[in-house]
Number of protein chains: 2
Amino acid sequence: MEDRFSQQLKKGVLEMLVLKLICGGPTYGYELLTRLREESHGRFVLKEGTLYPILYRLEDEGLIAARWSQGEGRTAPKKMYEATEAGILENIRRMQVWQEFEETVNGFYRGGNNA
Amino acid sequence: MEDRFSQQLKKGVLEMLVLKLICGGPTYGYELLTRLREESHGRFVLKEGTLYPILYRLEDEGLIAARWSQGEGRTAPKKMYEATEAGILENIRRMQVWQEFEETVNGFYRGGNNA
DNA sequence: TTAAAATACTTAGCAATGCTAAATAGTATT
DNA sequence: AATACTATTTAGCATTGCTAAGTATTTTAA
């Protein structure tokens, strides 16, 4: 259980990170859960109910595309996602927005005012 | 009008910044609106409907305390806020949480994985 | 001296997103 | 055969920023 503050900080950022990971190459929901957990060193441990709706939103917005893969070695199908061209561009844009946002916030903690 | 992404990034951060500003010395709602706008160079332009509920939450949580000031030069009262001891400690904690959060997010954009 | 603008606070209702929780199903391990 | 792991779906809640409108006082300008 996290405090409310930490929880709220994630809003918007999770979707950005999921898009970023998918831009790195085709992947699927369950793997994203694992990667978010591991690559954040246990700081972004999502429940399925958080991740999957993010994937559906990204798909609705046309930023990623899905196809069901008939596993080769195994039979159970996975829903593979990859970034569309629009998704790749949007990923770049969000990175820039994030960086500017970060700078703005940090400005409030530097020397009293944000020069 | 901002895009949905930029809007969502603010969640949690606005309350953190308001607490930070109040920790810097007694102030009141309208002044906070101005300072957030100016010290962010126009990036955090809040409507009253966003700011005042934040102040009420901080007060409910016991992080800030309010008193009505009978203006000296003017008659109209302002609701002055200042940080409580708990608020000062919480401000420090949130700064640390923010810094760790920031690091974690940036980790996803550095060298592919978050070492 | 009246009208407008700026100062200052309040509140109702909506939108977006992370959370809890539970359900479904196939595969691997013991 | 039972349990754990992989994998996806969905319903409902909580939090918080947004729009929008309203009230009231003070200052400025016509």
Side-chain angles (χ1 to χ4, degrees), chain A residues 1-19 27-37 40 43-61 66-81 94 101 105, chain B residues 1-19 26-37 40 43-61 64 66-81 94 101 105:
Chain A
M1 191 113 63
E2 250 176 326
D3 62 33
R4 207 164 58 240
F5 176 59
S6 304
Q7 191 178 306
Q8 294 298 327
L9 282 182
K10 294 182 185 163
K11 300 232 168 155
V13 168
L14 287 183
E15 191 179 292
M16 171 179 87
L17 294 181
V18 169
L19 178 58
T27 183
Y28 58 99
Y30 199 82
E31 189 179 60
L32 285 165
L33 286 176
T34 310
R35 292 182 59 191
L36 284 166
R37 175 164 33 80
S40 75
R43 293 187 194 96
F44 290 159
V45 181
L46 312 193
K47 291 291 167 55
E48 300 91 329
T50 300
L51 177 67
Y52 288 103
I54 289 177
L55 292 171
Y56 306 149
R57 285 204 303 270
L58 288 171
E59 200 182 356
D60 285 346
E61 291 164 15
R67 64 187 159 77
W68 284 95
S69 84
Q70 329 282 43
E72 300 86 51
R74 67 203 294 290
T75 339
K78 296 170 188 173
K79 204 169 178 180
M80 301 295 296
Y81 290 96
R94 291 191 185 189
F101 175 79
V105 172
Chain B
M1 192 113 60
E2 252 176 327
D3 63 31
R4 208 164 56 243
F5 176 58
S6 304
Q7 190 180 309
Q8 293 298 325
L9 281 183
K10 294 182 185 162
K11 300 233 166 151
V13 168
L14 288 183
E15 190 179 293
M16 172 179 85
L17 294 181
V18 169
L19 178 58
T27 183
Y28 57 100
Y30 199 81
E31 190 178 59
L32 285 166
L33 286 176
T34 310
R35 292 183 59 191
L36 284 165
R37 174 165 34 79
S40 75
R43 294 186 194 96
F44 290 159
V45 181
L46 312 193
K47 290 290 168 53
E48 299 92 328
T50 300
L51 178 68
Y52 288 102
I54 288 177
L55 292 172
Y56 306 148
R57 284 203 304 271
L58 288 171
E59 200 182 355
D60 285 345
E61 291 165 13
I64 63 178
R67 63 187 160 76
W68 285 95
S69 84
Q70 330 281 44
E72 300 84 53
R74 69 202 293 289
T75 341
K78 296 171 187 171
K79 204 169 178 181
M80 301 296 294
Y81 289 97
R94 290 191 187 189
F101 176 78
V105 171

Nucleic acid contacts - residues 49-58 of chain A versus DNA chain C, non-hydrogen atoms under 4.0 Å:
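Within this stretch, A:Gly49, A:Thr50, A:Ile54, A:Arg57 sit under 4.0 Å of the strand.
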Residue-level proximity of residues 6-16 of chain B to DNA chain C when a heavy atom falls under 4.0 Å:
B:Gln8, B:Lys11
What is the distance, to the nearest angstrom, from the [atom1] atom on [X] to the [atom2] atom on [N]?
X: A:Met80; N: D:dT6; atom1: CE; atom2: P; answer: 16 Å
X: B:Glu2; N: C:dA15; atom1: CD; atom2: P; answer: 18 Å
X: A:Leu36; N: C:dC19; atom1: CG; atom2: P; answer: 11 Å
X: A:Leu33; N: D:dT9; atom1: CG; atom2: P; answer: 12 Å
X: B:Asp60; N: C:dT11; atom1: CG; atom2: P; answer: 12 Å
X: B:Glu61; N: D:dA14; atom1: CD; atom2: P; answer: 17 Å
X: B:Tyr30; N: C:dA5; atom1: OH; atom2: P; answer: 14 Å
X: B:Arg37; N: C:dA8; atom1: CZ; atom2: P; answer: 12 Å

To the closest 0.5 Å, what do you measure between [atom1] ([X]) and [atom2] ([Y])?
X: B:Asp60; Y: B:Tyr56; atom1: CG; atom2: OH; answer: 10.5 Å
X: B:Glu59; Y: B:Tyr81; atom1: CD; atom2: OH; answer: 5.0 Å
X: A:Arg94; Y: A:Leu17; atom1: CZ; atom2: CG; answer: 10.5 Å

Would you tell me if any nitrogen or oxygen in the side chain of [X] comes within less than 4.0 Å of OP1 or OP2 on [N]?
X: B:Tyr28; N: C:dA8; result: yes
X: A:Lys47; N: C:dC19; result: no
X: B:Lys79; N: C:dC9; result: no
X: B:Arg4; N: D:dG17; result: no

Distance-only check: which donor-acceptor pairs under 3.5 Å involve side-chain atoms of residues 27-34 of chain A, not counting sequence neighbours?
unit_1	atom_1	unit_2	atom_2	d
A:Thr27	OG1	A:Glu31	OE1	2.4
A:Tyr28	OH	A:Lys78	NZ	3.3
A:Thr34	OG1	A:Tyr30	O	3.1

Under 3.5 Å, which donor-acceptor pairs link side chains of residues 45-54 of chain B to any protein atom two or more places apart or in another chain?
none

Closest approach of B:Phe5 and A:Gly12, non-hydrogen atoms and distance?
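Shortest heavy-atom contact: CE1-O, 3.5 Å.
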Less than 4.5 Å apart, any side-chain heavy atom of A:Leu55 and any of A:Lys79?
no
Only counting residues at least two apart or in another chain, list the ones meeting side-chain contact (heavy atoms from CB on, under 4.5 Å) with B:Lys10.
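Residues passing side-chain contact (heavy atoms from CB on, under 4.5 Å) with B:Lys10: A:Phe101, B:Glu2, B:Leu14, B:Phe44.
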Would you please name every residue forming a side chain to side chain donor-acceptor pair (under 3.5 Å) with A:Arg4, sequence neighbours left out?
B:Glu61
B:Leu46 or A:Glu48, whichever maps to the more 5' nucleotide of DNA chain D
A:Glu48
